[in-house]
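Residue numbering restarts at 1 for every chain, and letters A, B, ... go by the order of the sequence lines. Everything numeric here is computed off the predicted structure, so don't read it as measured data.
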2 protein chains.
Amino acid sequence: MYFCFVNSNTEENYLKAIFLLTDGVSEVQPKELSESLGVKMPTINSMMKRLLEKGLVEHTSYRPISLTKSGKKMAALIIRKHRLTEMFLVEKMEFGWEEVHEIAEQVEHIKSPIFFEKMNEMLGSPKQDPHGSSIPDLNGNIDNVNYPKLSDCEKNAELRLVAVNNSSEDFLKFLNARKISLGLRMKVLSVESFDGNMTILFNEKREEVLSKIVCDRLLVTQLNPSK
Amino acid sequence: MYFCFVNSNTEENYLKAIFLLTDGVSEVQPKELSESLGVKMPTINSMMKRLLEKGLVEHTSYRPISLTKSGKKMAALIIRKHRLTEMFLVEKMEFGWEEVHEIAEQVEHIKSPIFFEKMNEMLGSPKQDPHGSSIPDLNGNIDNVNYPKLSDCEKNAELRLVAVNNSSEDFLKFLNARKISLGLRMKVLSVESFDGNMTILFNEKREEVLSKIVCDRLLVTQLNPSK
DNA sequence: GTATAAACTTAGATGTATCTAACAAATAAG
DNA sequence: CTTATTTGTTAGATACATCTAAGTTTATAC
């Protein structure tokens with residue numbers, strides 16, 4: 001039996017949003033999805049009805065939403081296209097990492113496997129996008145490395161910034177202004193227990209205080225202590 | 001008074017189709033437009049109503065359709081994005097000229113002036129796309145060079161292929177198979193008056209018979225006779 | 001110059017994607 | 001454990017983009 005079923009851009013956006021909101025957890029509340037997509041609750045409801053019929057989500061009345069296996073794969077492939085595009089824009093077209101999300105948000109819906117595989121080839125099959133997020137492979141499998149947040153690290157921790165949690169233009173411009181980019185070495189000099197502000201030493205020379213809000217969005221790895 | 005009015009992809013496709021069908025002439029018949037877009041007549045009708053209200057087309061009942069000045073500009077800017085994309089795909093991503101139309105058809109709707117201007121810059125502000133069609137400038141102005149068709153040339157004419165009339169994959173693959181590409185020198189050896197077939201000498205060495213259908217789609221310039 | 005054919009228009013229907021208003025269920029608060 | 005609040009659902013409305021069926025106008029043919 002042969003199925004040729006194409007999803008609208010809108011449907012793709014719902015799948016993507018559910019995928020991203022269920023990162024780590026298994027389900028998402030309709031309310032959360034509605035806020036994430038900027039649509040009202042009944043809209044979520046009618047779209048879930050459609051995606052349910054297509055076998056892409058699981059959802060029973062008054063219960064949270066999750067993706068089926070095929071929904072997950074479909075979402076991962078859209079995210080693959082999004083992240084390859086972001087990488088292409090940064091590496092091959094000299095865009096800043098703060099400029100690429102909006103463009104990739106549109107490019108990701110282009111129907112042309114060869115277009116994205118050409119990007120992939122030109123980029124040498126990158127494993128991460130410019131914000132440090134993993135790029136799913138052609139089968140929709142994605143490395144689920146769960147980097148800790150800077151805000152969860154303790155005093156004296158020696159770290160490297162490997163990803164950001166959020167690709168909003170404002171946040172990335174904030175980081176640019178402070179010359180904070182992926183790969184940067186950081187040491188936690190102090191943590192203010194009252195508000196979660198952290199004082200960080202960058203590259204062993206520059207010292208700066210970062211708010212909890214910012215520290216929540218910076219993902220790090222422990223630096224090899226043998227070094 | 002401030003207007004922020006965005007057109008849907010569908011509207012953009014109508015504007016583009018009208019622009020291309022009114023190349024050289026001033027109007028297009030609704031029927032022609034309907035066939036070109038693959039929609040039924042009433043669909044044309046209701047879209048014309050909308051584009052009329054937006055001041056993008058001129059149309060009165062039972063009369064042909066034309067673009068207003070602002071409709072023309074808008075269409076030209078979409079075509080600019082399409083043709084820049086085609087050029088980018090060929091020059092920077094190593095696609096064949098027969099592969100790019102379908103992809104550009106989708107990319108042209110992306111809303112990001114900087115994305116296309118970056119392409120333009122990387123390409124060195126090209127004046128033609130890979131099929132020899134002029135690329136409109138940022139103001140929507142387009143060089144209207146009207147190259148003659150090969151089929152309108154006479155015996156013994158010495159020519160250079162400068163553009164094709166049609167970017168369909170099948171036609172371009174047909175040309176690829178015969179190693180016919182832009183810039184190729186051609187001499188008309190004979191014209192069959194019965195069916196319009198032409199015998200052409202390519203690059204002063206290779207001889208081939210081309211059907212009228214093909215000759216209608218090949219656009220040429222007269223080679224400088226002083227050469 | 002009427003008859004016929006082709007092109008065009010109107011009216012009304014369908015499916016997508018959204019909304020508001022009103023109602024129902026689940027959760028939180030007292 | 002009842003009440004209030006939040007969350008979720010249903011029903012019905014709107015706008016877009018399309019269709020079919022039926023009627024109208026223009027063009028073509030004889």
Side-chain angles (χ1 to χ4, degrees), chain A residues 3-18 21-22 25-67 71 74-75 78 105-106 108-109 111, chain B residues 3-18 21-22 25-67 71 74-75 78 105-106 108-109 111:
Chain A
F3 255 94
C4 176
F5 108 151
V6 177
N7 298 290
S8 68
N9 290 1
T10 309
E11 284 167 357
E12 292 191 350
N13 286 334
Y14 279 78
L15 293 175
K16 195 178 50 147
I18 300 171
L21 290 169
T22 54
V25 294
S26 61
E27 307 170 316
V28 60
Q29 301 301 131
K31 190 82 223 277
E32 227 187 312
L33 186 57
S34 125
E35 279 163 3
S36 159
L37 287 165
V39 300
K40 300 292 165 141
M41 287 290 287
T43 312
I44 298 297
N45 229 275
S46 47
M47 185 56 94
M48 288 314 108
K49 209 170 143 192
R50 266 235 303 292
L51 296 178
L52 197 67
E53 274 166 16
K54 292 193 174 189
L56 298 170
V57 302
E58 294 181 41
H59 178 225
T60 50
S61 263
Y62 298 100
R63 309 271 55 213
I65 296 159
S66 61
L67 290 173
M74 215 164 259
I78 299 157
E105 206 71 12
Q106 300 176 65
E108 70 190 4
H109 300 296
K111 271 78 185 171
Chain B
F3 255 94
C4 175
F5 109 150
V6 176
N7 297 290
S8 66
N9 291 1
T10 309
E11 284 168 357
E12 291 191 351
N13 286 335
Y14 278 78
L15 293 175
K16 197 178 50 147
I18 300 170
L21 290 170
T22 54
V25 295
S26 60
E27 308 169 315
V28 60
Q29 301 301 133
K31 190 81 221 276
E32 227 187 313
L33 186 55
S34 126
E35 280 163 3
S36 159
L37 287 165
V39 299
K40 301 289 165 146
M41 287 291 285
T43 312
I44 298 297
N45 230 274
S46 46
M47 185 57 94
M48 287 315 108
K49 208 169 145 192
R50 266 235 304 293
L51 296 178
L52 197 68
E53 273 167 17
K54 291 192 173 189
L56 298 170
V57 302
E58 293 181 42
H59 178 224
T60 50
S61 262
Y62 298 99
R63 309 271 56 215
I65 297 158
S66 60
L67 291 172
M74 216 163 260
I78 298 158
E105 205 71 11
Q106 299 177 65
E108 70 189 3
H109 300 295
K111 271 78 185 172

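Between A/Tyr14 atom OH and C/dT16 atom P the separation is 13 Å, expressed in whole Å. Between B/Lys54 atom NZ and D/dC16 atom P there is a gap of 8 Å when expressed in whole angstrom units. As a whole-Å value, the separation of A/Met48 CE from D/dT7 P is 17 Å. Regarding A/Met47, its CE atom lies at a distance of 17 Å from the C1' atom of D/dT9, rounded to whole Å. For A/Glu53 and C/dT16, the CD to P distance is 9 Å, given to the nearest whole Å. Here C/dT18 presents its P atom at 10 Å from CD of A/Glu11, a figure rounded to the nearest Å. If you measure from atom CG of A/Leu33 to atom C1' of D/dG8, you get 13 Å, rounded to the nearest angstrom.
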When the side chains of residues 39-49 of chain A are checked against the rest of the protein, which donor-acceptor pairs come out under 3.5 Å, sequence neighbours left out?
{"residue": "A/Thr43", "atom": "OG1", "partner": "A/Lys40", "partner atom": "O", "Å": "3.3"}
{"residue": "A/Ser46", "atom": "OG", "partner": "A/Pro42", "partner atom": "O", "Å": "3.3"}
{"residue": "A/Ser46", "atom": "OG", "partner": "A/Thr43", "partner atom": "O", "Å": "3.3"}

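Minimum interatomic distance between B/Ser66 and B/Ser26 (heavy atoms only, all atoms of both residues): CB-O, 3.3 Å. Minimum heavy-atom separation, B/Pro64 to B/Pro30: CA-CD, 4.1 Å.
Within the 4.0 angstrom heavy-atom criterion, base atoms lie near B/Thr43.
Remark: B/Glu27 CD to B/His59 NE2 distance equals 10.0 Å, nearest 0.5 Å.
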Taking only N/O atoms, report every protein-nucleotides 6-10 of chain C pair under 3.5 Å with atom names and distance.
{"residue": "C/dC8", "atom": "OP1", "partner": "B/Gln29", "partner atom": "NE2", "Å": "3.0"}
{"residue": "C/dC8", "atom": "OP2", "partner": "B/Lys31", "partner atom": "N", "Å": "2.7"}
{"residue": "C/dC8", "atom": "O3'", "partner": "B/Tyr62", "partner atom": "N", "Å": "3.4"}
{"residue": "C/dT9", "atom": "OP1", "partner": "B/His59", "partner atom": "NE2", "Å": "3.4"}
{"residue": "C/dT9", "atom": "OP1", "partner": "B/Tyr62", "partner atom": "N", "Å": "2.9"}
{"residue": "C/dT9", "atom": "OP2", "partner": "B/Asn45", "partner atom": "ND2", "Å": "2.2"}
{"residue": "C/dT9", "atom": "O5'", "partner": "B/Asn45", "partner atom": "ND2", "Å": "3.2"}

Query raised in the report: Going through the distances and angles, do B/Gln29 and B/Leu21 end up as a side-chain contact (heavy atoms from CB on, under 4.5 Å)?
Result: CA-CA 9 Å; B/Gln29 301 301 133; B/Leu21 290 170; over 6 Å; no
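In this structure, the salt bridge (Lys or Arg N to Asp or Glu O under 4.0 Å) partners of B/Glu35, at least two apart in sequence or on a different chain, are B/Lys31.
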